[in-house]
Amino acid sequence: MLLFCNRGPERAPGPARFRVTAPGRDSIEPYQEPKQGMDSISSHVSIDPVGGRSDLRRFLDFPKELYRHDRHWITPLDQDLTQWLKPAHPFREHGEMALWLARRDGRVCGRISAQIDRRHAALHGERVGYFGFFDCLNDPDTASALLGAAADWLAARGQNLIRGPFNPTINASCGVLIDGRDTPPYMMMPHTPAYLPGLLAGAGLEPVQELLAYHLDLGDGPPAHTTRLIRRYRDRLRLRHITYRTWRRDLEQMRLIFNDAWAGNWGFIPFSEREFRHMGNEMKPLIDPRQGQIIEVDGEPAAMMVTLPNLNEALHGLDGRLLPFGWLRLLQRLKRRGRIKSSRVVLLGVQRQWQRTPLACVIAYALLTRSWQLGCATGWTAAELSWVLKDNWAIRSIIEKIGGVVYKRYAVYQGSLPMAPGGGA
């Protein structure tokens with residue numbers, strides 16, 4: 001997620017058409033592009049809640065089978081999901097989540113999750129539940145059955161809308177890839193098949209927001225015009241990086257900047273102190289502290305940015321598992337100088353008081369330029385800046401003026417749900 005303040009428009013979707021169970025095709029197939037003339041439907045799809053370790057293992061492993069012929073697929077680490085299921089995870093303080101598997105003739109043919117974040121209604125005045133981790137065969141009936149299970153679960157808990165995919169929140173991996181499938185995903189970004197938007201539309205969901213990913217060729221360094229502009233304001237700006245010694249204090253300062261920068265944004269949910277600290281501790285083994293930046297204007301914190309090495313370059317062959325020997329292999333790859341050639345800007349926020357001033361552009365350039373210089377010294381040759389709301393023209397113009405090019409597009413979908421009698425958000 002590229003976190004920069006912007007308010008996106010809402011629009012009311014049409015009613016969702018959901019079915020809880022449906023017939024399906026008679027064999028499990030790996031990922032493939034949509035076919036003309038689908039096979040006749042002859043067997044039944046069952047939707048079962050994930051109820052134990054064996055089911056969770058099937059939930060985690062299903063995408064590996066589905067996408068095994070997609071050369072750009074990179075298996076995410078299992079812990080990217082399992083950490084959210086732990087009772088001690090900060091999300092559980094204000095949210096809940098359920099998982100389902102679709103089966104045909106006893107074989108897994110799809111998966112989905114549903115989530116509720118109880119803070120959403122208070123912040124946005126709408127009862128919205130989320131779905132995520134949505135993967136299935138190219139079969140409308142399997143898709144409708146899975147979405148129906150998530151929809152029923154959300155409606156029973158008083159939600160009026162279903163939105164996603166969020167894996168599992170807007171502050172994590174989200175969206176369906178609608179353009180740019182010809183390259184692998186960067187870390188913590190989704191990679192989904194070309195047929196998925198059609199399955200969502202067929203179930204009655206409509207796109208409600210579009211997210212963009214920018215590619216930036218780092219080349220020999222940042223353009224000269226940004227350096228000149230920053231130099232003009234150097235007496236007012238002070239850029240510092242986080243340190244291990246001041247880690248906790250720096251994380252809290254970043255959290256406060258982020259929550260201010262995105263207050264009132266489309267779908268925004270603020271980080272609690274525990275959530276942001278948890279995320280920071282997850283990133284700590286990966287981050288060069290110099291790539292965690294805070295910038296001050298006239299002595300007051302004004303903006304922050306975090307850039308991480310693109311871990312996906314090192315995940316090939318690990319099959320998503322760090323145990324028993326995955327950790328060792330991953331650390332060995334990360335220690336090889338020059339192994340990782342790309343990076344991703346995952347957090348960028350400018351406080352609201354500066355967003356509509358000429359200095360906003362200078363602040364963003366200062367953060368991006370410093371990260372760019374450090375990246376070139378590290379051996380990085382490319383970066384992804386993601387994600388950015390489609391109508392966030394302020395940050396889009398800044399990125400494009402330094403050479404960024406939109407190369408992937410993602411959509412978030414939404415559908416209406418029936419009111420659950422007596423339900424609450």
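Just so it is clear, the structure is predicted and the values come from calculations on it, not from any experiment.
Of the charged side-chain nitrogens involved, at least one lies within less than 4.0 Å of a carboxylate oxygen, so that R58 and D55 count as a salt-bridged pair. Note on E126 versus R163: salt bridge recorded, some NZ/NE/NH1/NH2 to OD/OE distance being below 4.0 Å. Look at D117 and R119 and you find a salt bridge, because one of the NZ, NE, NH1 or NH2 atoms lies within 4.0 Å of a carboxylate O, short of that distance.
Figure legend: K284 and W247 shown as a cation-pi pair, the cationic atom lying under 6.0 angstrom from the six-membered ring centre and within 45 degrees of its axis.
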Task: Q83 vs H278, side-chain hydrogen bond (donor to acceptor under 3.5 Å, both in side chains): CA-CA, chis, key distance, verdict - done: CA-CA 10 Å; Q83 64 169 328; H278 178 88; 2.9 Å; yes
TODO: Apply side chain to side chain contact (heavy atoms under 4.5 Å, CB included) to F91 and T169, showing your working.
DONE: CA-CA 9 Å; F91 173 76; T169 75; 3.8 Å; yes
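When each of D139, L200, N138 is checked for a side chain to side chain contact (heavy atoms under 4.5 Å, CB included) with Y195, only N138 meets the rule. The residue from K408, R409, R396 that alone fulfils the salt bridge (charged side-chain N to carboxylate O under 4.0 Å, His left out) condition with E210 is R409.
Residue pairs that meet the ring pair (Phe, Tyr, Trp, His ring centres under 6.0 Å) test with at least one member in residues 199-221, sequence neighbours left out, are H215-Y407.
The aromatic rings of W262 and F258 lie parallel to each other, their planes meeting at an angle below 30°, with 60° marking the opposite boundary. By the 30° and 60° cut-offs, the orientation of the rings of W73 relative to Y67 is tilted.
Residues meeting the salt bridge (Lys or Arg N to Asp or Glu O under 4.0 Å) test with D48, sequence neighbours left out: R103. In terms of the side-chain hydrogen bond (donor to acceptor under 3.5 Å, both in side chains) criterion, R92 has no residue partners (sequence neighbours excluded).
Judged purely by atom type and a 3.5 angstrom limit, R344 uses its side chain to pair as donor or acceptor with the backbone of S386. Q159 contributes a side-chain N or O that, together with a main-chain N or O of R157, makes up a donor-acceptor pair within less than 3.5 Å.
Between H94 and E275, the side chains place a donor N or O and an acceptor N or O closer than 3.5 Å (distance only, hydrogens not considered).
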